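Not measured: the values here are computed from a predicted model. Order of appearance sets the numbers: ligands from 1, and atoms from 1 within every ligand.
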Amino acid sequence: MAGKMPREIAPGVFWIGDCLAQRHKGKIYHGYNAAYLIAGETASCLVETGHPKDFPVIERHMGELFERGVPPLKYLFVTHQETPHCGGLGRVLKTFPDTLLCGDVSDYHLAFPQYEHRMRWMQEGDEIDLGGRSLMAVEPVIRDLRTTWWGLETRERVLFPGDGFAYSHYHEDGHCGLVAEEATSLDLPDVSSTFADLALFWTKFADMNAYCDRLDFLIERLGVKTIAPTHGLPITDVKATVPKVQAGLKAAALMPESGTNEKVPLTSAGPARTAA
Ligand SMILES: [Zn+2]
Ligand SMILES: [Zn+2]
């Protein structure tokens, strides 16, 4: 449900986009493929583009914000080259011809050679100036591609962690459009571990204590006040909520891999044996 969007999660930072329903073990999980609009004094920056199906919603939400006086879209920052994060990239660049694409821009020139002159590389610490605030590329602690950068909005200290803090929410409980702290019936450790199990497979083979310590270090070093994940609900009480997500990551690492598809059980009488 997109009725609550655009939602201002920190002054001048707007949550936009829509949920995506996914079936897993007989349950329907709702996840976000969110985008965020940061409004500076002179320019706006879109963070992520949403799932390709969401472009009409994202475009409508941005239109509402521009009508309210938000400065024009000059920048698009995407955390990495994966469909739920950058799937609307071509349409954003086509619709907003003055917008530059920023971040790790590997391979985009192959998909969109016509926009190559509008692509700008960023390294850790590089900033996009929006007037009175900027978006900085920061260390991506939890990620699924090597090319990932996370973003930090420097005035309100909003972290955009891409696939970090990824978890689904309960549509039936009315969680769509709520921040994590408002979704009181959401079992954060459970939905975080389920998401990690399905989408962040490497967490099975890593010591997640080290990753969680590194997350704490990053949050402290950057003075993060709000977390704006692509798939999870935004986090507005970092101290209270981050440990619950970390508990899910640590639990997922200890669970045997469940796989993303239904499996045919292998028995001694099964086809694998008889074929051999
Ligand atoms: Zn993702
Ligand atoms: Zn939802």
Side-chain angles (χ1 to χ4, degrees), residues 1-7 9 15-24 27-36 46-58 60-61 76-89 92 103-104 106-108 137-151 159-188 190-204 206 211 215 227-235 245 248-249 252 260:
M1 186 187 73
K4 297 186 180 86
M5 309 290 188
R7 181 163 181 190
I9 56 162
W15 179 23
I16 62 179
D18 204 358
C19 309
L20 181 72
Q22 277 170 322
R23 277 167 205 284
H24 177 61
K27 276 200 260 181
I28 295 176
Y29 286 85
H30 254 216
Y32 268 101
N33 294 292
Y36 295 90
L46 181 67
V47 178
E48 313 282 53
T49 68
H51 192 276
K53 78 158 176 71
D54 294 338
F55 186 71
V57 177
I58 301 255
R60 177 161 52 79
H61 288 164
L76 166 63
F77 173 86
V78 285
T79 58
H80 63 291
Q81 293 83 351
E82 219 189 5
T83 307
H85 301 262
C86 69
L89 188 152
V92 171
D104 181 303
S106 300
D107 297 351
Y108 295 128
V138 300
E139 178 186 347
V141 180
I142 310 280
R143 63 182 173 212
D144 58 3
L145 291 183
R146 268 315 285 185
T147 51
T148 303
W149 285 121
W150 286 4
L159 180 69
F160 299 95
D163 280 328
F165 302 91
Y167 49 87
S168 50
H169 57 270
Y170 312 145
H171 173 75
E172 295 77 12
D173 285 16
H175 291 168
C176 309
L178 299 185
V179 300
E181 293 77 17
E182 292 167 340
T184 47
S185 61
L186 185 64
D187 184 343
L188 264 176
D190 181 60
V191 287
S192 301
S193 69
T194 301
F195 202 103
D197 186 36
L198 295 177
L200 297 166
F201 188 68
W202 59 268
T203 57
K204 296 264 170 270
Y211 284 82
L215 264 183
I227 299 175
T230 305
H231 306 302
L233 303 177
I235 293 170
V245 177
L249 286 175
T260 53

Minimum-distance N/O/S atom that His30 presents toward the Zn ion (ligand 2): ND1
message: Tell me whether His51 contacts the main-chain N or O of Gly87 through its side chain, where contact means a donor paired with an acceptor under 3.5 Å.
response: no
- prompt: Is there side-chain contact between Tyr170 and Leu186, with heavy atoms separated by less than 4.5 Å?
  reply: yes
- request: Kindly report the NE2-the Zn ion (ligand 2)-SG angle for His169 and Cys19 respectively, rounded to 10°.
  value: 100°
- request: Can you see which heavy atom on Val78 is nearest to which on His85, and at what distance?
  value: CG1-O, 3.5 Å
- prompt: Is the distance from the Zn ion (ligand 2) to some N, O or S atom of Cys176 under 2.8 Å?
  reply: yes
field: Close side-chain approach of Val191 to Asp187, heavy-atom, < 4.5 Å
entry: no
task: Evaluate the ring planes of His169 and His30, with Trp represented by its six-membered ring, and classify them as parallel (under 30°), tilted (30 to 60°) or perpendicular (over 60°).
output: perpendicular
task: Could you confirm whether Asp163 has any N/O/S atom lying under 2.8 Å from the Zn ion (ligand 1)?
output: yes
- prompt: N/O/S of His171 less than 2.8 Å from the Zn ion (ligand 2)?
  reply: no
query: Which angle, to the nearest 10 degrees, do you find at the Zn ion (ligand 1) between NE2 in His231 and NE2 in His85?
result: 100°
